[in-house]
Amino acid sequence: MAPIPQTQQRSLVERLIQACGGGYSPETRRKYYVSGPQWAAAYEGHALFHAPTREPVGFEKVIEEYGKIGIGHWTTHDTDVIPTAGLFKDEQERIVGRIKAALKSNGLKCSMVTTETFHHAVWAASPAAEAPEVRAYAARRLANTVKIGHQLGAEFAVYWPGSLGYFVQGAVEETETLRWYAEGLNAACEADIEIAKQFGRPTLKHCMEAKPFEPQAEILLPTSDAMLAFISSGLLTHPEMVGLNPEYLHELMWGAAPRAALARALLCGKLWHFDINDGYRLKHDVDIAVGLVNPLDWLNVLVLLRSHKYAGPFNLDYKPPRTTSNWGVFALSFPTAVDRFITLWEMAGDVIADPVISEASAALRAGGGPADPLDVDAIVAANRELLTLHELIAHRMVQILIGQHRGRVYSV
Ligand code: GLO
Ligand code: MG
Ligand code: MG
């Protein structure tokens, strides 16, 4: 193929996007509770070893593009949209006013707000640092985010304590730091109770998000399970207001089965919000778009969530690759991420309704019925052939994933 001049590249990519097919209409996409983070679309491709590859994008553009794609909800950190120095000032109110207008004119809702407590130098020793003034500032920031959330009509506030930990051991006393962190969350919940009254709205759902490593070297609340224990530790004054925002990749990063981690959160009644993306086990937070690495595992996750009637948001917390252009972020990256999610969600419905899987599952639950329930050999023998169904169910799920259940075959 001859080199493709830059002026012809977009039309080529566009033609190939069309050739892929499989896209849903914006109206269809809006039927799902999918949210698009400001920071995901505005990610410039930078990292410790990476210079940016994309131009900055403001919230007006992000909201407009999400609207065109059919992403019905928008989420943000406070400082994604308000410079740190402008917080608590008139500048904040002016920006919140502009956000409201942008959401309204593009038909989006703000579903979640979150406080940036990891990037700025003030958080070098975490938001639960030894210095009382850092913790007092953190409490004010959290309350301020709650207020912004109510102003924008949000339902959720998320807390990712990625800086709650250390690089070098010894100076931080873990129990003390965790108590201080709980005080911050308590302050946020108490502020919410007051602010919600002023706005005549229900309080927000406060969701903790765990990540096992990054940016601190050692993290004090590294997993969703650690957070469940923290929520019920007795340190929180309003544990009923606090739940989880697990992130798919964050569980995979420490080697967990994300579906099992989600199941534990469901059992505790704490699965309130979900960050969706993909990546690899025991690697850093690569934040690849949903379903590009582990579609079968994703199908399994969505079967669990559909069968438990999870109705919370699916937040597209991924990073369009550095190789994707500014134009490609909205032309390809976001639409295809949403469309893979929808396809996998609908496929999860196929799995739940599948007669083969239903019958196999029912048979496994019925068991073999041994004559003597205390005879161990009889119990093993009674289930001997039935247990083959475990593998059959896994095989059937792959068939559903690749369309073989609809008769797709290869002639060889
Ligand atoms: C980083 C996290 C981050 C959070 C966000 C919301 O790894 O996934 O993006 O989701 O700060 O609190
Ligand atoms: Mg996240
Ligand atoms: Mg991540």
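Counting starts at 1 for both ligands and their atoms, following the listed order. One-based numbering along the sequence shown.
Judged by distance alone, the side chains of D192 and H206 do bring a donor and an acceptor atom under 3.5 Å apart. No side-chain donor from either of Y159 and N245 sits under 3.5 Å from a side-chain acceptor of the other. Under 3.5 Å, the side chains of T223 and E251 contain no donor-acceptor pair of N or O atoms. Between the side chains of S361 and S358, no donor N or O sits under 3.5 Å from an acceptor N or O.
Annotation: the span from Q9 atom CD to W327 atom CH2 amounts to 10.0 Å, rounded to 0.5 Å.
The heavy atom nearest to atom 9 (O) of ligand 1, out of those in T114, N277, D317, D287, is found in D317. Of the candidates K211, H119, E209, it is E209 that places a heavy atom closest to atom 2 (C) of ligand 1.
Using a 4.0 Å cut-off to heavy atoms of D275, the atoms of ligand 1 that qualify are 10 (O). Within ligand 1, counting atoms from 1 as listed, the ones closer than 4.0 Å to a heavy atom of V158 are 6 (C), 12 (O). The distance from ligand 1 to the heavy atoms of F118 drops below 4.0 Å at these ligand atoms: 11 (O).
F314 has its ring centre no less than 6.0 Å from the ring centre of Y32. The distance between the ring centers of W345 and Y310 does not fall below 6.0 angstrom. Between Y33 and W272, a ring centre-to-centre spacing not shorter than 6.0 Å is recorded. In this structure, the ring of W298 has its center less than 6.0 angstrom from the ring center of Y248.
With a heavy-atom cut-off of 4.0 Å, E214 does not touch ligand 1 at all. Contacts with ligand 1 closer than 4.0 Å are made by no heavy atom of Y159, backbone or side chain.
With waters left out, the protein N, O or S atoms under 2.8 Å from the Mg ion (ligand 2) add up to 4.
Ring planes of Y66 and F330: perpendicular class, angle over 60° (limits at 30 and 60°).
Looking at heavy atoms from C-beta onward, M397 lies in side-chain contact with I357 at the 4.5 angstrom threshold.
Heavy atoms of E116 come nearer than 4.0 angstrom to ligand 1 in no pair at all. In this structure, W39 is part of the shell of residues with a heavy atom less than 4.0 angstrom from ligand 1.
Of the protein's non-hydrogen atoms, the one nearest atom 5 (C) of ligand 1 is H77 NE2, 3.3 Å.
For D285 atom OD1 and D287 atom OD1, the angle they make at the Mg ion (ligand 3) is roughly 80°, to 10 degrees.
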